[in-house]
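All figures in this text were calculated on a predicted structure; none of them were measured in a lab. Computation of the quantities below employed the complete heavy-atom set of this structure, encompassing side-chain atoms and omitting hydrogens, waters and symmetry-equivalent molecules. Naming: A, B, ... by sequence-line order, numbering from 1 per chain.
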2 protein chains.
Amino acid sequence: MDIVTRIEEIILLAVLQLGSRAYGVPIREHVQAMLGHRVSIGAIYVPLDRLVRKGLLTSFEAEPTAERGGRRKRYYKLSSEGLDALRALQDLHERLWRDVPQPLGAG
Amino acid sequence: MDIVTRIEEIILLAVLQLGSRAYGVPIREHVQAMLGHRVSIGAIYVPLDRLVRKGLLTSFEAEPTAERGGRRKRYYKLSSEGLDALRALQDLHERLWRDVPQPLGAG
DNA sequence: TATTTGTTCTATTATCTAGAATATATCTGG
DNA sequence: CCAGATATATTCTAGATAATAGAACAAATA
């Protein structure tokens, strides 16, 4: 299992934290809140799709709800490989930053 | 200032931790030690060069030493922008992982 | 049919990765 | 002392992969 990219990390965490509400639109909003700036639609769905292809996420289409129009949602969920990838990231981060002061002092 | 990629993060940290010994070869070795696997030459020098172009690192050629042959080394150092980028990464990581248990439990 | 919600598609740009090519220094034999 | 031989290190280049933007499309209700 390869190391995930930054945006993949952020998206995996968004899916984890949104739990049963994890579909495209709120995932994007969550990512935007995390980053503090706007993110394009493609910048979410392209890596989302790749994470599914790689087996770190699973996805399924939900039945339409009676809220107010709109296409049906595609929900996402972490697979056990996805969880493993996040754990691997925790480990790597710990190794990388172990000896770095927090916060980082002046040059 | 954009958010740095994973390999850029690892290289910035390697330069930080190597201090005055930060040139290509030991940077590569340090990265390999962090990751626990081999990394190609290009996988180091290409992002290193980009980090210089972006102003996160500075670099200068050293005089040849009298150790045993070899081309002169090119040393790298974090600029204040590079330090800022690392601080921004600490912040982002804190925001991203704040509510995630460590270690991450089962699915 | 208009409106709303949401996803898919596609093209461009940027980044990653591998390793061959190149550069430049000291060492060694005659 | 000079011509390879050897060692150390970086630069270059090309193909693969990933990021990003937003237009196009789909499907539901009003």
Side-chain angles (χ1 to χ4, degrees), chain A residues 1-12 14-15 18 21-32 34-35 37-76 85, chain B residues 1-12 14-15 18 21-32 34-35 37-54 56-76 85 92:
Chain A
M1 181 191 44
D2 253 10
I3 176 175
V4 303
T5 68
R6 184 88 50 202
I7 188 65
E8 287 173 351
E9 169 184 4
I10 297 173
I11 288 178
L12 288 175
V15 170
L18 288 169
R21 301 183 309 286
Y23 68 97
V25 171
I27 289 171
R28 182 181 175 206
E29 287 165 355
H30 195 271
V31 169
Q32 291 182 148
M34 292 290 204
L35 292 180
H37 62 75
R38 183 180 180 281
V39 161
S40 75
I41 293 171
I44 297 298
Y45 282 101
V46 169
L48 255 182
D49 184 56
R50 186 173 55 246
L51 288 166
V52 171
R53 275 190 289 106
K54 288 186 174 175
L56 305 200
L57 291 177
T58 58
S59 85
F60 61 97
E61 280 196 337
E63 290 309 306
T65 59
E67 284 158 8
R68 171 68 183 88
R71 186 173 180 164
R72 61 184 51 178
K73 305 169 173 65
R74 173 173 294 282
Y75 283 95
Y76 297 88
Chain B
M1 180 188 44
D2 252 9
I3 176 175
V4 304
T5 68
R6 184 86 52 201
I7 188 64
E8 287 172 351
E9 169 185 5
I10 296 173
I11 288 178
L12 289 175
V15 170
L18 287 168
R21 300 183 309 287
Y23 68 97
V25 170
I27 290 170
R28 182 180 176 208
E29 287 164 355
H30 195 270
V31 169
Q32 292 182 146
M34 292 291 205
L35 293 179
H37 60 76
R38 182 180 181 282
V39 160
S40 74
I41 293 171
I44 297 298
Y45 282 101
V46 169
L48 254 183
D49 184 54
R50 186 175 52 250
L51 288 167
V52 171
R53 274 190 288 107
K54 288 185 173 176
L56 305 200
L57 292 178
T58 57
S59 86
F60 61 95
E61 280 196 337
E63 289 311 302
T65 59
E67 283 156 9
R68 172 70 182 86
R71 187 172 179 165
R72 61 185 51 180
K73 304 169 173 66
R74 172 173 295 280
Y75 283 93
Y76 297 87
L92 176 62

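Atom CG in B/Leu51 sits roughly 10 Å away from atom P in C/dT15 (whole-Å rounding). Whole-Å rounding puts the B/Leu18 CG to D/dA9 P distance at 13 Å. Here D/dA9 presents its C1' atom at 15 Å from CG of B/Asp49, a figure rounded to the nearest Å. As rounded to whole Å, 10 Å separates atom C1' of C/dT15 from atom CZ of B/Arg53. In this structure, the CD atom of B/Glu61 is 19 Å from the P atom of D/dT8, given to the nearest Å. Atom-to-atom, CD of A/Gln32 to P of D/dA21 comes out at 10 Å; the value is rounded to the nearest Å. Protein atom OH of A/Tyr76 is 13 Å distant from nucleotide atom P of C/dG6, rounded to whole Å. Rounded to whole Å, atom C1' of C/dT5 lies 15 Å from atom CD1 of A/Ile27.
Pairing each heavy atom of B/Pro47 with each of B/Gly42, the nearest pair is CD-O, 3.7 Å. In terms of heavy atoms, B/Val31 sits closest to B/Ala14 at CG2-CB, 4.2 Å. Considering all non-hydrogen atoms of both residues, A/Gly24 and A/Tyr76 come closest at N-CE1, 4.4 Å.
Closest to the side chain of A/Arg74, out of C/dG6, C/dT8, C/dT15, is C/dT8. Minimum atom distance to the side chain of B/Lys73 is reached by D/dA9, of the listed D/dA9, D/dA28, D/dA18.
Two residues, A/Tyr75 and B/Pro47, neighbour DNA chain C, and the one matched to the more 5' nucleotide by heavy-atom proximity is A/Tyr75. The residue among A/Gly24 and A/Asp2 whose nearest nucleotide of DNA chain C is located toward the 5' end is A/Gly24.
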### Message
If you apply the rule side chain to side chain contact (heavy atoms under 4.5 Å, CB included), what do you find for B/Thr5 with A/Arg6, and how did you get there?
### Response
CA-CA 6 Å; B/Thr5 68; A/Arg6 184 88 50 202; 5.6 Å; no
### Task
Take B/Ile7 and B/Ile11, measure what side chain to side chain contact (heavy atoms under 4.5 Å, CB included) needs, and give me the verdict at the end.
CA-CA 6 Å; B/Ile7 188 64; B/Ile11 288 178; 4.0 Å; yes
### Task
List the steps, then state whether side chain to side chain contact (heavy atoms under 4.5 Å, CB included) holds for A/Val39 with A/His37.
CA-CA 7 Å; A/Val39 161; A/His37 62 75; 4.0 Å; yes
Sort me out a list of protein N/O and nucleotides 18-21 of chain C N/O pairs below 3.5 Å, or just none if empty.
residue	atom	partner	partner atom	Å
C/dA18	OP2	B/Ser40	OG	3.4
C/dA18	N7	B/Ser40	OG	3.4
C/dG19	O6	B/Gly42	N	3.2

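In this structure, CG in B/Leu92 is found 7.5 Å from CD in A/Glu9, a value given to the nearest 0.5 Å.
Note on A/Arg72: every side-chain N or O is 4.0 Å or more away from OP1 and OP2 of D/dA26.
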